[in-house]
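Quantities reported herein were computed from a predicted structural model and do not represent experimental measurements.
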Amino acid sequence: LIKQRKDWKKLIPQYLMFGVVCIPLGMWFYVKNYVKYGVPFTYVPTFIAKSGVCDLVSPLRRILDWSPYQFASPFVQWIELNDTYDEFNPTIALLKNAMFEEETLFEKCLTMQSFCTALFFAGTAVAFLSVAALVLMWSK
């Protein structure tokens, strides 16, 4: 649009077709929630910190704390679900959510718990290698 600003009228059909494809794809979740549950389009869920994690953990610690106890379980930790702490590091929570969402699977089965832990560390290694490869490719 900027390079061809003199011929902007030729680009309008392209933008309209882009909107015809992307607007329904972007709005399906909101439409489904409105139809199925009556959730308004402008609804924003509120954040209620029951344990006060945001007040107890400094922003610097939230990003830089990679303590081993956070990797004891491959699943996201929440005190209200009888776990040991509230997950506070966004990167670690992202890695855990990428593998298992917010579910705690196989609590009773030690073999599957071990398998999930191995799978989590493999996924974490792949994520870090991907970021390293991305930085390497950007630098070239």
Side-chain angles (χ1 to χ4, degrees):
L1 183 62
I2 293 173
K3 288 181 182 179
Q4 299 176 355
R5 61 181 166 259
K6 293 179 182 177
D7 297 328
W8 63 272
K9 291 181 181 178
K10 292 180 182 177
L11 297 175
I12 289 179
Q14 292 178 22
Y15 284 110
L16 289 174
M17 288 307 298
F18 179 79
V20 165
V21 172
C22 291
I23 289 173
L25 288 174
M27 292 296 295
W28 78 268
F29 185 75
Y30 303 101
V31 171
K32 176 198 75 126
N33 284 344
Y34 179 73
V35 170
K36 194 168 184 178
Y37 305 111
V39 177
F41 290 116
T42 57
Y43 176 74
V44 177
T46 58
F47 177 71
I48 300 172
K50 293 181 181 176
S51 63
V53 150
C54 293
D55 300 331
L56 300 174
V57 180
S58 70
L60 195 59
R61 183 173 174 222
R62 285 177 59 91
I63 296 171
L64 299 177
D65 187 7
W66 289 74
S67 302
Y69 74 89
Q70 295 185 59
F71 297 99
S73 172
F75 310 115
V76 176
Q77 301 292 297
W78 302 113
I79 289 176
E80 61 196 29
L81 298 176
N82 298 322
D83 289 319
T84 54
Y85 66 96
D86 275 335
E87 199 75 56
F88 60 86
N89 188 315
T91 308
I92 295 172
L94 176 74
L95 292 169
K96 289 179 177 183
N97 269 330
M99 295 299 293
F100 304 109
E101 295 183 347
E102 291 188 2
E103 297 293 325
T104 302
L105 307 171
F106 310 114
E107 281 183 9
K108 309 290 187 226
C109 182
L110 186 61
T111 304
M112 289 307 292
Q113 179 86 13
S114 301
F115 178 72
C116 289
T117 302
L119 190 62
F120 167 71
F121 282 114
T124 301
V126 168
F128 280 111
L129 289 173
S130 298
V131 170
L134 181 69
V135 169
L136 180 67
M137 294 305 293
W138 274 349
S139 65
K140 288 188 175 186

key: Shortest non-hydrogen contact from Asn89 toward Ile63   = ND2-O, 3.6 Å
query = So how far is it from Leu11 CG to Phe18 CZ, rounded to the nearest 0.5 Å?
reply = 13.5 Å
request  = Kindly work out whether a path of hydrophobic side-chain contacts (I/L/V/M/F/W/Y, heavy atoms less than 4.5 Å apart) joins Leu119 to Phe75.
outcome  = yes
ask   = Looking at CG of Asn33 and CH2 of Trp28, how far apart are the two atoms once the value is rounded to the nearest 0.5 Å?
value = 8.0 Å
request  = Could you tell me the separation between the CZ atom of Phe71 and the CD1 atom of Ile92, rounded to the nearest 0.5 Å?
outcome  = 3.5 Å
inquiry  = Using the rule that Ile, Leu, Val, Met, Phe, Trp and Tyr join whenever any side-chain heavy atoms are under 4.5 Å apart, tell me whether Val126 and Val131 fall into a single cluster.
reply    = no
query = Under the 3.5 angstrom rule, does the side chain of Glu87 hit a backbone N or O of Gln77 as a donor-acceptor pair?
reply = yes
remark   = Residue set satisfying side-chain contact (heavy atoms from CB on, under 4.5 Å) with Tyr69, at least two apart, ordered chain then number -> Arg61, Asp65, Ser67, Tyr85, Phe88
task = Flag the pair Pro13 / Leu16 as yes when at least one side-chain heavy-atom distance between them is below 4.5 Å, and no otherwise.
result = no
key: Any donor-acceptor pair under 3.5 Å from Lys96 side chain to Ser73 backbone   = yes
request  = Identify the two heavy atoms, one from Pro90 and one from Arg62, that lie closest to each other, and give their separation to 0.1 Å.
outcome  = CD-O, 3.3 Å
task = Please round to the nearest 0.5 Å and tell me the distance separating atom CD of Gln70 and atom CG of Leu95.
result = 11.0 Å
task = Flag yes if more than 12 heavy atoms outside Trp66 fall under 6.0 Å of its CH2 atom; otherwise flag no.
result = yes
ask   = Considering all heavy atoms of both residues, which atom of Val76 and which atom of Ala93 are nearest to each other, and what is their separation?
value = CG2-O, 4.3 Å
ask   = Rounded to the nearest 0.5 Å, what separation is found between the OG1 atom of Thr124 and the CG atom of Leu129?
value = 11.0 Å
ask   = Should Phe121 and Met99 count as side-chain neighbours, where that means a heavy-atom distance under 4.5 Å?
value = no
Shared hydrophobic cluster, Tyr37 / Phe29 (ILVMFWY, side-chain heavy atoms < 4.5 Å) = no
Residue list, ring pair (Phe, Tyr, Trp, His ring centres under 6.0 Å) with Tyr34, at least two apart or on another chain = Phe41
task = Would you name the heavy atoms of Cys116 and Phe100 that are closest together and state the gap between them?
result = O-CZ, 3.5 Å
inquiry  = Please give me the minimum heavy-atom distance between Gly19 and Pro24, naming the atom from each residue.
reply    = O-CD, 3.7 Å
